[in-house]
A.B. asks: 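Please see the structure below; I have some questions.
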Protein chains: 2
Amino acid sequence: MTESPAYHHGNLQQALVEAGAQLIEENGISGISLREVAKIAGVSHSAPYRHFKDKNALLTGIAEVGFQRLGHAMQLAVEQHPGNAREQLIEAGVAYIRLALDNSEMFHLMFGGLIAAEDPSEALQQSSVLAFQGLVLIIQGGQKDGLYKQAEANELALTAWSLVHGYAMLASTGKLHHMTNSRKAILSLARYIESHLIDGIAR
Amino acid sequence: MTESPAYHHGNLQQALVEAGAQLIEENGISGISLREVAKIAGVSHSAPYRHFKDKNALLTGIAEVGFQRLGHAMQLAVEQHPGNAREQLIEAGVAYIRLALDNSEMFHLMFGGLIAAEDPSEALQQSSVLAFQGLVLIIQGGQKDGLYKQAEANELALTAWSLVHGYAMLASTGKLHHMTNSRKAILSLARYIESHLIDGIAR
DNA sequence: ACCTGAACACCGTTCAAGT
DNA sequence: ACCTGAACACCGTTCAAGT
């Protein structure tokens, strides 16, 4: 037989990340261990060290797939409202918040400050910058249409990002339980909040 | 002598919380252990279980002092700008962001989603609601002065909170490194961001 | 090159026992 | 009522050894 020997089926690195992503949504961010991820992937507890420097590196890898999902979801929302910079901004924000609610443990891993920033030139930085660039494009499109102020697009995009990110964080950590309970009410309130922001951005 | 025997000096519960708060800013949120907190407080590793159900309960206690500090800092900022609802909102936000930058590990403990929400009627909820109520008061004051829109004050306050909280989170987790580096630049940019929001709230 | 298994120093949590 | 110390099942990480 031409099969590889006792090794893992092809790509252990990816298998570990996928196992970790699954485990983190099940057991929560603090209920994940390198040893159990390895067990799910079907290797010994020391095998992951061939592919990741330490646990933090694995968590970073898991967070990266989260950023890819996030960018994808926002892109999709934008494409569904062509030529309408107002709807684009609002629905991209709703997609952002939706992901925070539906994959909250992953979201907290990505943004909760648990992963040490260590290297400033890391891949994680890249991923979050990409998502931000999408926002800048929406703003610039809206500026061309005369919908948004002629201020620095980076600044307006950061304002929108901060608002949406803050709301997503507060909602996904239960800090809004005293105002809204259901998922539907949270998403509906999000649109009101975002429209308050846009009225500030609009000239 | 009338001293208590081999027991701890009076209030172990408080000593544990203080030791934890100190340790968390030194070693980071994932470098804190119940056993080391106990050691710093000068008791055995099982002593904390008389005062806290488990590690999560101790972390909750630590986060609570963080919320108290936060409420205090915001209150102080408001008092320094009497009768000026615009400066009050901006500077309360800056105080919020300043705390996130200077006590980032504590801030991530409070808002990072690590502490299980479990009981919806917990003390933590109380603390964060209190900080929010301060915001509502600022908004209502500004509405009386004709500075802010006559919309639901709760909704406007949540909008402001989301913006400031999101910016604080992004800044304190290093997500803005590609735009701003220094602490000073981050705080200065915060005021621009906030003014974009207020222009939306103002009628 | 890739993986295993023993080993080490640490955890959180429980529980009988001490004062 | 409050604390200790042993015990248990788990960690992350390292390292010699196997194929």
Side-chain angles (χ1 to χ4, degrees), chain A residues 1-24 26-63 105 109 112 114-116 118-119, chain B residues 1-24 26-63 105 109 112 114-116 118-119:
Chain A
M1 31 174 134
T2 59
E3 262 184 21
S4 56
Y7 295 166
H8 192 265
H9 42 72
N11 196 344
L12 179 55
Q13 170 146 1
Q14 190 183 325
L16 289 168
V17 167
E18 282 171 8
Q22 172 202 331
L23 197 60
I24 214 163
E26 288 174 5
N27 291 10
I29 200 169
S30 64
I32 193 180
S33 76
L34 206 61
R35 287 173 105 106
E36 192 168 357
V37 171
K39 190 192 281 184
I40 290 181
V43 291
S44 83
H45 62 263
S46 51
Y49 286 90
R50 285 303 126 179
H51 304 273
F52 299 97
K53 179 177 144 269
D54 53 17
K55 187 185 181 184
N56 199 70
L58 173 60
L59 291 180
T60 303
I62 298 172
E105 297 291 342
L109 175 66
L114 213 160
I115 301 179
E118 295 186 21
D119 202 346
Chain B
M1 34 174 135
T2 59
E3 262 185 20
S4 56
Y7 294 168
H8 192 265
H9 41 72
N11 197 344
L12 178 57
Q13 170 145 2
Q14 189 184 326
L16 288 168
V17 167
E18 282 170 8
Q22 173 203 331
L23 198 60
I24 215 163
E26 288 174 5
N27 291 9
I29 200 168
S30 64
I32 193 179
S33 76
L34 206 61
R35 287 173 105 106
E36 192 168 358
V37 170
K39 190 192 281 183
I40 290 181
V43 292
S44 83
H45 63 263
S46 51
Y49 286 90
R50 286 301 126 178
H51 303 274
F52 298 97
K53 178 176 147 271
D54 53 17
K55 186 187 182 183
N56 199 70
L58 173 60
L59 291 180
T60 302
I62 297 172
E105 297 292 342
L109 175 66
L114 212 160
I115 301 179
E118 295 186 21
D119 200 348

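By convention in this document, chain letters (A, B, ...) are assigned in the order of the sequence lines, proteins followed by strands, and residues within each chain are numbered from 1. Because only heavy atoms are used, hydrogens play no part in the values below, and waters and symmetry mates are left out as well, while side chains stay in.
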A.B. asks: Any idea which of D/dT13, D/dT4, C/dC3 is nearest the A/A47 side chain?
C.D. replies: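 Of the candidates, C/dC3 comes closest.
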A.B. asks: Once you round it to whole Å, what is the distance between C1' of C/dT4 and CG of A/L12?
C.D. replies: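 Checked: the CG to C1' distance equals 13 Å.
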A.B. asks: So among A/I62, A/V43, A/L23, A/V17, which one has a side-chain contact (heavy atoms from CB on, under 4.5 Å) with A/V37?
C.D. replies: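 Passing option: A/L23.
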A.B. asks: Could you provide the dot-bracket string of DNA chain D, using ( ) for intrastrand pairs, [ ] for crossing pairs and | for bases paired to another strand, with Watson-Crick or G-U pairs below 3.5 Å?
C.D. replies: ||.|||||...|||||.||
A.B. asks: Rounded to whole Å, please give me the gap between CZ in B/F52 and P in C/dT13.
C.D. replies: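 It works out to 13 Å between those atoms.
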A.B. asks: Quick one: side chain to side chain donor-acceptor pair (under 3.5 Å) partners of B/Q13, sequence neighbours excluded?
C.D. replies: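 Once residues adjacent in sequence are excluded, B/Q13 has no partner under the side chain to side chain donor-acceptor pair (under 3.5 Å) criterion.
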A.B. asks: Sequence neighbours left out, cut at 3.5 Å: what donor-acceptor pairs do the side chains of residues 27-35 of chain B make with other protein atoms?
C.D. replies:
unit_1	atom_1	unit_2	atom_2	d
B/S33	OG	B/E36	N	3.0

A.B. asks: If the condition is side-chain contact (heavy atoms from CB on, under 4.5 Å), which residues does A/Q14 pass it with, not counting sequence neighbours?
C.D. replies: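 Expected list: A/N11, A/E18.
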A.B. asks: Under the side chain to side chain donor-acceptor pair (under 3.5 Å) test, which residues partner B/E105, sequence neighbours left out?
C.D. replies: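 With neighbours one apart ignored, the set is empty.
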A.B. asks: Please determine if a side-chain N or O atom of B/S44 lies less than 4.0 Å away from the OP1 or OP2 oxygen of D/dC3.
C.D. replies: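 So the side-chain polar atoms of B/S44 never come under 4.0 Å of the phosphate oxygens OP1 or OP2 of D/dC3.
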A.B. asks: So which nucleotide from D/dT14, D/dC11, C/dT4 ends up closest to the side chain of A/S33?
C.D. replies: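 Nearest listed nucleotide: D/dC11.
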A.B. asks: Can you sort out the partners of A/S44 under side-chain contact (heavy atoms from CB on, under 4.5 Å), two or more places apart, ordered by chain and number?
C.D. replies: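 A/S44 satisfies side-chain contact (heavy atoms from CB on, under 4.5 Å) with A/S46, A/A47 only.
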A.B. asks: Nucleotides 6-8 of chain C: which of its N/O atoms have a protein N/O under 3.5 Å away?
C.D. replies:
unit_1	atom_1	unit_2	atom_2	d
C/dA6	N6	A/H45	NE2	3.1

A.B. asks: If you assign each of B/R50 and B/E36 to its closest nucleotide in DNA chain C, which residue comes earlier from the 5' end?
C.D. replies: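 That would be B/E36.
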